[in-house]
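Everything on this sheet refers to the single structure shown next.
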Amino acid sequence: MSPPYMDVHFQLSTQLIAWALGFYALFLQGTVVRCVRANDRDAGLGWWLGGALCVGTGFWAQALLNLVALQLPIRVGFVAPVVMAAWMPAVVISAAAIWMQTRTHFPQRLRLVGGLLVALGLCLLTFIHASAIMFQPGVSWDVWRLAGALLLTLAGCLLGSLAIRRSLVAEPPWWRRGLLVLGISALFNAGQVCMAWAMQVPTGAVCLSVEHLAGEGWVLVLCGAVLMLMIMGHLSMRLDARARRRQQALVDSLKEAQAALDVAAQHDPLTGLLNRVGFERMLHQGFESPSSPAVGPLCVMRLHVDGVRTLTETYGHAHSDQLMRHLALRLQAAMRGGDVLAHAESDEFLMLSRGLSDEHELAQLAQRLSAAVHEPCLIEGNELTVSASIGIARYPESFNARLLLAHASDAMLTARKAGGGVYCFHRNGEEQVGVDQVALQRDLRHAIARDELMLHFQPKLCAGNGELSGVEALLRWQHPVRGLVSPATFIPVAERFGLIGELGLWVLDAACRQMRLWHEAGVDVPVAVNLSAHQLRQPDLAQRVREVLLRHRVPPAMLILEITESVAMDDIEASMRMFDQLDDIGVQLSIDDFGTGYSSLSYLRRLPARQLKIDRSFIGDLESSADAQAIVEAVVRLAHALGLKVVGEGVETLEQAAILTRLQCDELQGYLFARPMPAHALLVWLGQRGAVITSPLPQHGDVDAQAGDGLTEGEVLTTWSDLGMAPLLRHIGR
Ligand code: C2E
Ligand code: MG
Ligand code: MG
């Protein structure tokens with residue numbers, strides 16, 4: 001009995017050609033995907049459709065060739081329209097596969113479903129091709145072999161989608177890509193061979209389409225045509241990629257040129273620093289960017305180099321250019337890390353400094369810059385000396401870039417109008433009084449040289465017995481036109497224009513000189529000197545105080561330094577450091593105007609102060625307000641608990657003095673006893689009272705500690721010049 005189905009075998013060479021076509025089609029698919037991804041939407045659409053056409057044709061031909069490879073005992077032929085009908089699904093399948101590959105965010109589950117559909121579609125291709133051979137009777141299909149074919153194709157699709165997923169993370173090297181494509185196309189090919197194998201032709205069947213596409217000639221033509229199509233598609237994509245690379249290179253070099261132009265437009269060729277445009281842009285961007293570095297304290301300083309114009313007229317531009325280069329280097333050395341310097345105009349610099357909120361720290365920075373500019377410059381044998389007028393505007397007072405720049409310029413102009421060589425802070429709302437302040441400041445700068453400054457002294461008395469316990473030195477300015485100017489008027493001006501440092505040193509020196517003179521006249525009285533916030537933040541304050549004390553041979557314990565509560569508490573850590581240094585010298589420290597700030601008790605405890613002066617606003621209310629009495633009583637108790645003496649200042653009536661004495665206040669100061677008076681008047685005042693002057697040293701119980709070097713109390717009192725100098729001398733290593 002003959003077998004029910006015809007024997008089949010396959011032509012290996014045709015199968016290999018089919019595989020090669022499939023391999024190339026898959027390889028091409030990868031190129032199409034890259035091309036679609038790299039192009040914009042419209043061009044990408046064109047490449048997608050064109051690519052799907054080439055790739056789909058390749059798969060279509062592969063499926064057809066695998067059927068052509070099937071060898072039967074009878075001659076067969078393919079009905080052309082049916083063969084052509086398989087072409088469209090092949091293109092659609094490829095289009096779908098390419099589309100999935102171009103999506104970067106495609107859910108993995110959908111990718112798997114897509115893979116299954118593509119596998120079914122590929123099997124369908126062979127099925128359509130098979131139906132182009134018309135057998136009589138018709139063929140039957142082996143289900144197991146069909147399932148095998150589907151599984152092989154599906155395995156190829158799964159491998160493909162896995163490869164896509166991996167390639168999204170990192171593009172694999174070319175050889176791994178090649179191996180993958182080889183593997184997937186082998187699986188597809190095997191699937192198609194299995195499919196052809198599943199077709200069972202009944203023994204004795206005849207092929208009705210034998211007259212249609214038969215033989216090998218048309219297969220060769222078809223393979224050639226398909227290959228040509230794919231090669232053309234491939235070449236156009238390579239050309240496109242090359243054109244894109246060139247275009248990208250052009251865009252990159254244009255960007256580089258633009259960036260170089262931008263840099264040049266924002267930098268000053270002379271100094272290499274930012275120019276005004278660059279600085280302003282940087283400042284504006286700082287405020288506009290969401291992660292703005294403008295958040296937090298910052299300041300803009302505008303620095304005008306005074307006298308450059310005259311130098312240029314005298315020595316020429318080359319000299320002033322060299323000078324500006326020198327100054328730029330010096331300023332960079334003087335500024336803090338992170339600060340930005342710009343050369344704004346021919347004789348102006350701009351500086352942005354971040355992180356300093358304290359006016360006194362800013363003043364120190366301005367002084368450093370000023371000193372850097374003021375140092376003489378040797379240029380081609382000529383020693384040039386210039387000075388700087390600096391305007392300072394701060395954020396958040398000047399709350400945007402435009403205001404910072406405008407206010408720094410205003411303040412710089414004020415500094416220049418003031419005669420130059422000073423710095424000036426912009427203060428909101430002070431524009432109207434600017435002219436008066438400028439005039440006052442100009443006069444104040446000459447006040448020391450013209451001997452217009454003087455100290456007045458106001459006595460402080462022991463509350464218990466009315467004896468003199470010390471005096472407070474209060475600065476006075478005898479202005480030639482304005483008369484006696486109050487410190488409340490000129491000290492803020494001195495602070496604003498950077499003169500307070502010099503003024504403060506003058507006061508310290510004058511107070512110590514006076515102490516020595518009084519001592520020589522037989523009067524030993526401790527003197528309290530007020531320190532400004534600026535002085536307290538000067539790192540070399542302790543050193544200066546030491547020098548003054550030594551110069552006038554005054555025992556440190558005779559000097560009391562008063563610091564207002566608000567200043568002491570402003571930057572408590574910095575205050576504590578300075579208080580410790582001053583305490584080490586042996587001078588006494590006093591917290592002035594207590595009650596006006598918001599002291600934390602724990603901080604107060606940590607400050608090595610000896611004295612606390614209750615602000616006169618509380619003393620003024622003592623008679624009328626029970627609250628004021630309660631506050632003063634509480635302050636006295638607290639101060640005593642912390643080992644501090646209490647001074648009530650601004651005592652104007654007997655009633656106030658009585659209340660303060662009852663509340664255990666230690667010392668009293670005020671118009672009731674004496675107004676501030678010149679030094680010679682104080683001696684007269686003392687003479688009138690027939691006062692016995694008690695040295696506070698034994699009273700405060702620190703003579704022995706101060707004397708240190710085994711001096712007895714008696715020796716200390718008789719040898720004033722040695723009194724308490726031991727720690728001081730130890731400090732400076734004598
Ligand atoms: P302060 O240190 O609290 O000085 C006390 C002020 O109260 C003095 O004003 C003094 O004349 C005034 N005063 C004293 N007793 C009475 C009184 O019974 N009634 C009234 N109404 N006032 C009284 P002055 O001399 O005008 O000084 C004002 C402030 O200027 C001082 O307050 C101090 O903070 C500052 N100051 C004075 N001299 C200097 C100085 O040399 N350096 C610094 N940095 N500041 C100084
Ligand atoms: Mg004071
Ligand atoms: Mg006071």
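Read the numbers this way: they start at 1 and go in the same order the structure lists the ligands and their atoms.
- In this structure, Val373 and Arg330 have side chains that are not in contact, with every pair of non-hydrogen atoms separated by 4.5 Å or more.
- With a 4.0 Å cut-off on non-hydrogen atoms, Ser532 touches ligand 1 through its backbone as well as its side chain.
- Counting only heavy atoms, the protein gets under 4.0 Å from atom 8 (C) of ligand 1.
- With a heavy-atom cut-off of 4.0 Å, Asp593 touches ligand 1 through its side chain alone.
- Just one residue in the list Lys645, Gln669, Glu667, Lys460 forms a side-chain hydrogen bond (donor to acceptor under 3.5 Å, both in side chains) with Ser469, and that residue is Glu667.
- With respect to the salt-bridge test (charged N to carboxylate O, under 4.0 angstrom), the residues Asp509 and Arg551 qualify.
- Sorted by first then second residue, the salt bridge (charged side-chain N to carboxylate O under 4.0 Å, His left out) pairs that include residues 471-486, not counting sequence neighbours, are Asp436-Arg482, Glu472-Lys613.
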Can you list, pair by pair, the side-chain donor-acceptor contacts under 3.5 Å of residues 624-640, counting residues two or more places apart and other chains?
from	atom 1	to	atom 2	distance (Å)
Ser624	OG	Asp621	O	3.3
Ser625	OG	Asp627	N	3.2
Ser625	OG	Ala628	N	2.9
Gln629	NE2	Leu622	O	3.3
Glu633	OE2	Arg637	NH2	3.2
His640	NE2	Asp666	OD2	2.8

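- Sorted by chain and number, the protein atoms of type N, O or S within less than 2.8 Å of the Mg ion (ligand 2) are Glu472 OE2, Asn530 OD1, Glu562 OE1, Asp592 OD2.
- There is a protein heavy atom closer than 4.0 angstrom to atom 15 (N) of ligand 1.
- In this structure a side-chain-to-backbone donor-acceptor pair under 3.5 Å is present from Glu565 to Gly595.
- There is no protein heavy atom closer than 4.0 angstrom to atom 32 (O) of ligand 1.
- Within the structure, salt bridge (charged side-chain N to carboxylate O under 4.0 Å, His left out) contacts touching residues 529-541 (residues at least two apart or in different chains) are Asp358-Arg537, Asp540-Arg544.
- A 6.0 Å sphere centred on NE2 of His446 holds more than 12 heavy atoms belonging to other residues, nucleotides or ligands.
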